[in-house]
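Just below is one structure, and these are the notes that go with it.
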There are 2 protein chains.
Amino acid sequence: MTETVQRPKEARRKKRAPNTPPTAQVRFPVGGAKTLAEVQYQRLLDRITTMELPPGAAISEPDLASEAGVSRTPVREAVQRLAREGLVEVVPKSGTFVARIPVSALPEAVIARRALECMTARAAAQFATRSQVLSLRAVLEEHSELAEIGDREKFHKSDEKFHELVATVGRLPGLWRLVQQVKLQLDRFRRLTLPEAGRLQLIIKEHTAVVDAIQARDPDAAGAAVEKHLSGLQLHIETVVAAHPDYFIYDADPTDLLKI
Amino acid sequence: MTETVQRPKEARRKKRAPNTPPTAQVRFPVGGAKTLAEVQYQRLLDRITTMELPPGAAISEPDLASEAGVSRTPVREAVQRLAREGLVEVVPKSGTFVARIPVSALPEAVIARRALECMTARAAAQFATRSQVLSLRAVLEEHSELAEIGDREKFHKSDEKFHELVATVGRLPGLWRLVQQVKLQLDRFRRLTLPEAGRLQLIIKEHTAVVDAIQARDPDAAGAAVEKHLSGLQLHIETVVAAHPDYFIYDADPTDLLKI
DNA sequence: CTAGTATATCTAATATACAAGTTAAAGAAT
DNA sequence: ATTCTTTAACTTGTATATTAGATATACTAG
């Protein structure tokens, strides 16, 4: 090992004074200059959420690397991140697999979203400016346009944008980031549900109720509207799980019992 | 580059059938077999939360690596993870620094904790068994013991254990994981506050109120008790920020404005 | 002395090489 | 045929080497 590492550079070039940030000036991270690892992460995330890589599918770091024409390093970084987010499971020295959806995580995610987004909506009702309300209405209009075309993919993106905007207006963008994390498993689940007739219209209607409450500066109504909006999913979990039994995992987690 | 990578291994050994998990058997991750990267993460996290590495401090991957006697790879993995958690900021090709505490994140964290833990307490009041209530009381007793000794460090650990146990009893362990994430910045902040007389006793009192409500199977009371417990912090933010101005960063995030 | 430029040296990002462990398939023994 | 053993190929974890960008100092011109 490098046990006896002597560092003769003790008296090297004067280093930046401690507690000094990169530089006093602000640094604007350029959006286009994405790191390779970031790209690999997005690619993998996409393939997982679209179920191109279904739960249980094997993932090979070397294969992904050569497919993408990069080395294993950025691929590995992406895999590590996905593992922490619960989307892949890596077994040391053995293999990496797309994680099954833990059924217990689904109702939990719904509960977390309700709690968090209820707050963002209340805050939005408190802080929204007239222009922000118009921005929200603009997103609603976008919803309608995409629903008419029938582009469920873009509609979903627009849906996300709505929720993010509510959080931003409520000055609680951090809460949206938490929701995003929890949403990962929910989104995979949603892919397995059949498109119901009128579902898009229902979403638009519920979103509109939220905006109305925000415009009326009525936090209680806004929170209630969000709660109503986010309570839909729970019911048909069982039927979907029954249809794809090996995409899910029942996690009654023995450690939980030990802890108590 | 490896542009023309030919893979002649197309007809190689038969791979595991798709959608097959690591193995049918359950695999119990051995607690002791921590990966080097994990160790490095814990070490760095500790040095950051204890303010041994204060906000703004420079971090050098090679230095950390040689100090710990490992290569840069596991160190880098730890740094990446901390970056995603908002505890360090890495400027590509330039340097890595302990992140300043974003002041806006503090009230946000309090709000998120309130929303989330209110739910866990309500759920706990709904599901708690008699034995679980006794476990909660045991933790309360531990609180008292540690408060008498005056060991604030262990008291904090015990405090965490309490909140985690409430979430577990409420069958919402995922919500506690979210809270943990949000707590990272709060904990750094707490390190900067002076120990107030009677603070520990107040915490015990408030925790006791939560347990009482859970035992009484009164979700509303439990939720209210948690809300009350978690509303304390907010006030003295300004004074602490004034005392350590360069440990914080005011993030009115210009991108937020563009998004609207 | 000041402003601008060059350059040496730091950094993190990526690539490659090696080590340690797992697993599946082939082969041997029953 | 069946079960055990062996073994080779494949896995991730870690170490090292290379690349490219950023920055502080030294230097040059005015």
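Just so it is clear: chains get the letters A, B, ... in the order the sequence lines come, proteins before strands, and each one is counted from 1. Values reported hereafter were calculated over all heavy atoms of this structure, with side chains retained and with hydrogens, waters and symmetry mates removed. None of the values given here were measured: they were computed from a predicted structure.
- Using the six-membered ring where Trp is involved, A:His163 and A:Trp176 have ring planes that are parallel, under 30° apart on the 30 and 60° scheme.
- Contact between the side-chain N/O atoms of A:Thr96 and the OP1/OP2 oxygens of D:dT12 is found at a separation under 4.0 Å.
- In terms of phosphate contacts, A:Ser94 brings no side-chain nitrogen or oxygen within less than 4.0 Å of OP1 or OP2 of C:dT22.
- Closest to the side chain of A:Pro74, from the set C:dA13, C:dT14, D:dA15, is C:dT14.
- Taking only side-chain nitrogens and oxygens, A:Gln80 comes nearer than 4.0 Å to OP1 or OP2 of D:dG13.
- A salt bridge does not link A:Lys154 to A:Glu142: none of the charged side-chain nitrogens sits closer than 4.0 Å to a carboxylate oxygen.
- With respect to B:Arg81 and B:Glu85, a salt bridge is recorded, a charged nitrogen being found less than 4.0 Å from a carboxylate O.
- Side-chain atoms of A:Thr73 and base atoms of C:dA15 include a donor and an acceptor less than 3.5 Å apart.
- Under 4.0 angstrom from either OP1 or OP2 of C:dA13 there lies at least one side-chain N or O belonging to B:Arg76.
- If you check every strand for non-hydrogen atoms under 4.0 Å, B:Val79 touches nothing.
- By the ring-ring contact (aromatic ring centres under 6.0 Å, His included) test, A:His156 is found to be paired with no residue, residues two or more places apart in sequence or in another chain being considered.
- Pairs engaging residues 50-62 of chain B under the salt bridge (charged side-chain N to carboxylate O under 4.0 Å, His left out) rule: B:Arg47-B:Glu52, B:Glu61-B:Arg72, B:Glu61-B:Arg76 [sequence neighbours left out].
- Rounded to an integer number of Å, the gap from CG of B:Leu64 to C1' of C:dC10 is 15 Å.
- In DNA chain C, the stems built from three or more successive Watson-Crick or G-U pairs (distances below 3.5 Å) are C:1-30 with D:1-30.
- Between B:Glu61 atom CD and D:dT16 atom P the separation is 15 Å, expressed in whole Å.
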